[in-house]
Amino acid sequence: MAHDAVLALNAGSSSVKFALFAVAAGEGLTRVAHGQIEGIGSAPHLLARDPAGGVLEERRFAAAATHEDLLGILIDFVTGHLGGRALAAIGHRVVHGGTRFHRPERVTAEVLEALDALAPLAPLHQPHNLAPIRAIAATRPAVPQVACFDTGFHHTMPALATSFALPHAMTEAGIRRYGFHGLSYEFIARRLRVLAPRLAAGRVIVAHLGNGASLCAMAGGRSVDTTMGFTALDGLMMGTRSGSLDPGVVLHLIAQRGMTAAAVEDLLYHRCGLLGVSGISNDMRTLLDSDDPLAAAAVDLFVFRIGREAGALASSLGGLDGFVFTAGIGEHAAPVRAAVCARLGWLGVRLDPAANARGEGLISAADSPVAVWVVPTDEEAMIARHTLETLQG
Ligand code: AMP
């Protein structure tokens with residue numbers, strides 16, 4: 001596989017993120033280019049960068065450009081940057097693997113059909129993840145494709161953590177907790193084994209705080225509980241998603257306010273969270289810079305909910321040895337990390353304020369019973385690694 005390249009794709013409803021990796025001798029992966037096409041359906045915009053952040057290509061397209069047109073343009077861009085390497089495989093982030101797919105899977109027609117059947121479990125994400133797989137299978141049938149699942153890392157959760165208190169037959173039918181952000185959590189679990197091997201063997205909560213947000217309780221690097229459940233709506237408050245909600249609120253909105261299921265879905269996914277509470281933005285930077293009391297209220301609620309859910313996960317773990325911050329807010333918002341750590345003081349978290357202001361690495365005080373780390377995540381690198389490992393069997 002040396003002299004080959006692997007492409008990682010992460011396709012959503014209006015964007016496709018990508019990262020291209022060269023397979024080096026010894027089978028390590030080095031990033032060659034990364035970027036995204038955003039604004040699909042409104043104002044499509046391709047931006048590709050080299051590993052140092054330099055712009056390799058920037059293009060804008062007509063609003064009418066379809067997902068398929070833009071994917072073709074992206075693949076052409078990648079082909080032009082292979083530098084003499086062969087494209088050995090394309091790996092995809094796929095949100096739902098259901099109960100069948102725990103490990104990344106080489107895509108066949110049968111696998112694609114099984115993944116299609118899971119679309120009702122993640123209607124806003126799964127179809128967008130699968131569309132590029134289908135398009136590439138049609139245009140480049142010789143390129144192997146691998147599906148990597150956001151749910152996969154959580155298959156080690158015990159039944160207690162995956163069950164709702166619903167009638168047993170419903171649980172058996174798949175209405176249960178799955179958990180998401182698994183590619184990010186797996187990347188962090190592997191990084192932690194390198195950065196802090198003793199801690200990695202212990203009880204750790206990882207906080208993936210991006211536009212989507214969740215916590216994962218890991219014992220010895222394996223997921224034992226997580227805050228997202230049946231869908232990516234559950235758990236923490238997020239950029240535009242509500243997080244956990246009394247299910248009675250949904251009934252009230254439908255029965256008393258006459259909202260349709262589609263309207264409730266739009267509300268809970270797109271108009272709640274930081275955006276809904278602040279009425280200003282879903283962007284943490286904007287809220288931290290604002291002196292509007294509602295911006296502060298949104299940040300306070302975001303932090304409160306993390307503290308509350310972390311307490312629950314500490315119970316699932318039977319104690320806490322470490323806490324890891326990752327993703328956009330976790331990696332960059334020092335005031336949010338400080339406020340979360342203050343709430344976790346009772347669990348033995350003591351922050352080193354200077355280290356927290358610097359960011360990446362160990363940010364807890366030397367005498368802190370709980371080690372606190374900032375570890376940047378890299379879902380695309382995890383996809384590429386899985387893709388290579390799957391091809392090698
Ligand atoms: P992600 O989904 O991982 O890309 O994270 C997006 C979130 O990270 C948004 O809420 C951003 O406002 C937030 N974010 C990114 N950079 C910073 C920063 N320097 N300070 C605060 N929040 C940030």
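Ligands are counted one by one from 1 in listed order, and the atoms in each one are counted from 1 as well. Everything numeric in this text was worked out from a predicted model, so none of it was measured.
Ion pairing between a basic and an acidic side chain is recognised when a charged N comes within 4.0 Å of a carboxylate O; R93 and D150 show such pairing.
Evaluated for a side chain to side chain contact (heavy atoms under 4.5 Å, CB included) with L46, the options E38, E57, R60 yield exactly one hit, E57.
Under the salt bridge (charged side-chain N to carboxylate O under 4.0 Å, His left out) criterion, E389 pairs with R190, sequence neighbours left out.
Here the side chain of T227 pairs a donor or acceptor atom with the backbone of L215 at under 3.5 angstrom.
Between F101 and F149, the ring-plane angle classifies as parallel under the 30° and 60° cut-offs. The aromatic rings of Y185 and H154 sit perpendicular to each other, their planes meeting at more than 60°, with 30° as the lower class boundary.
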Can you produce the list of protein nitrogen or oxygen atoms under 3.5 Å from a nitrogen or oxygen of ligand 1, alongside each distance?
| residue | atom | partner | partner atom | Å |
| --- | --- | --- | --- | --- |
| ligand 1 | 2 (O) | N211 | N | 2.8 |
| ligand 1 | 3 (O) | G328 | N | 2.9 |
| ligand 1 | 8 (O) | I329 | N | 3.3 |
| ligand 1 | 10 (O) | M284 | N | 3.1 |
| ligand 1 | 12 (O) | D283 | OD1 | 2.4 |
| ligand 1 | 12 (O) | M284 | N | 2.9 |
| ligand 1 | 12 (O) | R285 | N | 3.3 |

